[in-house]
Trainee: 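Got a structure here, written out as structure tokens. Questions coming.
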Amino acid sequence: MPVTSRGPDFSLNTDFTRLVGVRFPIMNAGMGWVSLPKMVAAVSNAGGLGMLGAGVQPPSVVAEQIREIRALTDKPFGINCPLALPNAVENARLALLEEVPVINYSMGRGDWIAEAAARYGGKTIASVNSVKLAQSAEQRGADAVIATGFEAAGHAGEIGTFVLLQRLREVLTIPIVAAGGVASGAGLVGALALGASAVSLGTRFAVSAESTWHDNFKQTALGKDVHDTLVSEKFGGSPNRLMRTPQAEKILASQLNPISAFLYSFKIARQMDVSYLKLAADTLRQGPKRAFDMLSMASMQRYNRLSFEGDVTKGTIHAGQSVGLLHDVPDSADIIRRILSEAEETMARLNRTFAG
Ligand SMILES: Cc1cc2nc3c(=O)[nH]c(=O)nc-3n(C[C@H](O)[C@H](O)[C@H](O)COP(=O)(O)O)c2cc1C
């Protein structure tokens with residue numbers, strides 16, 4: 001089926017598409033519990049880069065998911081590992097062993113991943129939200145960075161995507177993927193114009209047919225505007241952007257209850273299949289601030305779980321400002337097709353403008 005009016009052989013050529021071997025400079029963000037094999041394969045089969053969200057899942061589960069992806073697509077795909085979270089380092093090791101084509105790491109140093117991936121021709125992409133982190137990722141061997149702006153769901157930085165992209169283009173030589181606020185073809189064209197070589201979309205793909213979000217939340221998202229997210233350190237330690245829900249507003253107005261968070265963290269350790277003692281020792285070794293952040297994250301996990309049961313009152317869920325740009329729940333492959341045809345329309349409009 002033709003992807004756009006340009007026909008089935010149409011592709012876009014950027015240093016990102018060349019780096020990872022895909023037709024289009026579009027990827028779904030790796031989202032723990034949300035971007036699972038069906039979405040990954042749909043995005044990769046449509047010519048983008050599908051990204052598995054390993055989250056805090058046990059390696060045995062992630063190994064099965066990698067097998068599932070490989071059964072569904074023969075195209076390049078990647079895996080996102082948030083290194084500061086439990087199970088993530090183990091999942092990155094597993095990805096190296098499995099020779100996953102692209103490893104996207106966040107929340108930690110990835111030099112050892114870059115070094116090991118290079119041996120089998122694998123590529124590494126570091127998620128960053130500041131100039132300092134981006135420069136450090138390039139120096140430590142990352143093949144590309146995902147520049148995450150203030151608009152983004154989750155660990156949004158302080159700087160908006162518009163400014164961050166232009167500044168990173170000044171200081172980096174490796175490809176930059178724009179993340180935060182991109183949900184359309186105009187967003188793709190804008191990001192490319194500002195120095196990006198690709199875009200990564202989280203919230204857009206979270207509201208798709210293949211996303212594991214409960215239908216209640218997909219429908220809730222469609223009623224939200226661009227103002228309907230909240231960002232706070234109270235949502236798990238470092239600043240985190242969530243959809244504005246009754247529970248998110250309640251958490252914002254209250255203080256963390258360390259006892260109930262501590263008790264809940266036992267349950268989480270069991271669900272993640274990690275030893276509680278190991279989890280506690282690893283956390284304490286990183287200092288009191290980190291221990292407090294982990295308790296805060298543990299307490300957020302329970303509300304995140306409730307969102308997967310469809311509880312829109314007590315559940316919390318990550319969402320970026322681009323939630324206000326979404327008006328339907330398409331298939332992931334349709335998202336790619338739509339972005340490409342919108343990008344063509346945008347380019348035609350710009351050409352008309354510049355033609356005077
Ligand atoms: C539901 C959801 C879950 C996410 N989970 C992760 C994650 O596990 N790891 C990660 O690095 N980023 C995660 N993110 C953040 C995305 O990687 C990305 O930075 C962000 O979604 C980009 O902004 P956008 O939502 O405006 O597209 C998540 C985002 C969403 C919407």
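Just follow the structure's listing: the first ligand is 1, and inside any ligand the first atom is 1. Reckoned from all heavy atoms, side chains included, excluding hydrogens, waters and symmetry mates.
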Trainee: Do any N/O atoms on Ala179 end up under 3.5 angstrom from N/O atoms on ligand 1?
Mentor: no
Trainee: What residue and atom, counting heavy atoms only, is the protein's closest point to atom 8 (O) of ligand 1, and at what distance?
Mentor: Gly32 N, 2.9 Å
Trainee: Kindly confirm or rule out a cation-pi arrangement of Arg305 over Trp33, judged by NZ or CZ under 6.0 Å from the six-membered ring centre and within 45° of its axis?
Mentor: yes
Trainee: What protein heavy atom sits nearest atom 3 (C) of ligand 1, and how far off is it?
Mentor: Met31 CB, 3.4 Å
Trainee: Counting non-hydrogen protein atoms only, what is the nearest one to atom 9 (N) of ligand 1? Give residue, atom name and distance.
Mentor: Asn80 OD1, 3.0 Å
Trainee: Run down the list Gly154, Gly149, Ala29, Gly30 and name the one with the heavy atom closest to atom 13 (C) of ligand 1.
Mentor: Gly30
Trainee: Is ligand 1 less than 4.0 angstrom away from at least one heavy atom of Gly181?
Mentor: yes
Trainee: Test Arg338 against Asp328 for salt bridge (Lys or Arg N to Asp or Glu O under 4.0 Å), laying out the working first.
Mentor: CA-CA 12 Å; Arg338 188 188 294 177; Asp328 58 2; 2.6 Å; yes
Trainee: With atoms numbered from 1 as shown, which atoms in ligand 1 lie under 4.0 angstrom from a non-hydrogen atom of Leu201?
Mentor: 27 (O)
Trainee: With respect to Ser322, determine whether any N or O atom, backbone or side chain, lies less than 3.5 Å from an N or O atom of ligand 1.
Mentor: yes
Trainee: If we only count heavy atoms from C-beta on, is the Asn28 to Ser332 side-chain gap below 4.5 Å?
Mentor: no
Trainee: So is Arg349 actually on top of Phe354's ring, under 6.0 Å and inside 45° of the axis?
Mentor: no
Trainee: Need the ligand 1 atom indices (1-based, order shown) with element for anything under 4.0 Å from a heavy-atom of Thr148.
Mentor: 19 (O)
Trainee: Any side-chain heavy atom of Val171 sitting closer than 4.5 Å to one from Val131?
Mentor: yes
Trainee: Find all atoms of ligand 1 within a distance of less than 4.0 Å from any non-hydrogen atom belonging to His318, and give their numbers and elements.
Mentor: 1 (C), 2 (C), 30 (C), 31 (C)
Trainee: Check whether any side-chain heavy atom of Met27 sits under 4.5 Å from a side-chain heavy atom of Ile146, and report yes or no.
Mentor: yes
Trainee: Nearest heavy atom to atom 25 (O) of ligand 1 wins, so pick from Leu325, Thr203, Leu52, Thr212.
Mentor: Thr203
Trainee: Determine, for Arg204 against Asp334, whether the closest basic-nitrogen to carboxylate-oxygen distance falls under 4.0 angstrom.
Mentor: no
Trainee: Check contact between Trp213 and ligand 1, using heavy atoms of the residue and a distance below 4.0 angstrom.
Mentor: yes
Trainee: Got a salt bridge between Glu68 and Lys38, using NZ or NE/NH1/NH2 to carboxylate O under 4.0 Å?
Mentor: yes
Trainee: May I ask you to identify the nearest protein heavy atom to atom 15 (C) of ligand 1, giving residue, atom name and distance to one decimal place in Å?
Mentor: Ala153 O, 3.5 Å
Trainee: Under 4.5 Å between any side-chain heavy atoms of Phe205 and Ile336, yes or no?
Mentor: yes
Trainee: Mind checking whether Ala319 has an N or O less than 3.5 Å away from an N or O of ligand 1?
Mentor: no
Trainee: Looking only at protein heavy atoms, identify the closest one to atom 27 (O) of ligand 1 and say how far it is in Å.
Mentor: Gly202 N, 2.8 Å
Trainee: Has Phe162 got more than 12 heavy atoms of other residues, nucleotides or ligands less than 6.0 Å from its CZ?
Mentor: no
Trainee: Applying a heavy-atom cut-off of 4.0 Å, say which part of Ser106 lies close to ligand 1: side chain, backbone, both or neither.
Mentor: side chain
Trainee: Is the closest N or O pair between Gln321 and ligand 1 shorter than 3.5 Å?
Mentor: no
Trainee: Is there a donor-acceptor contact under 3.5 Å linking the side chains of Thr229 and Gln321?
Mentor: no
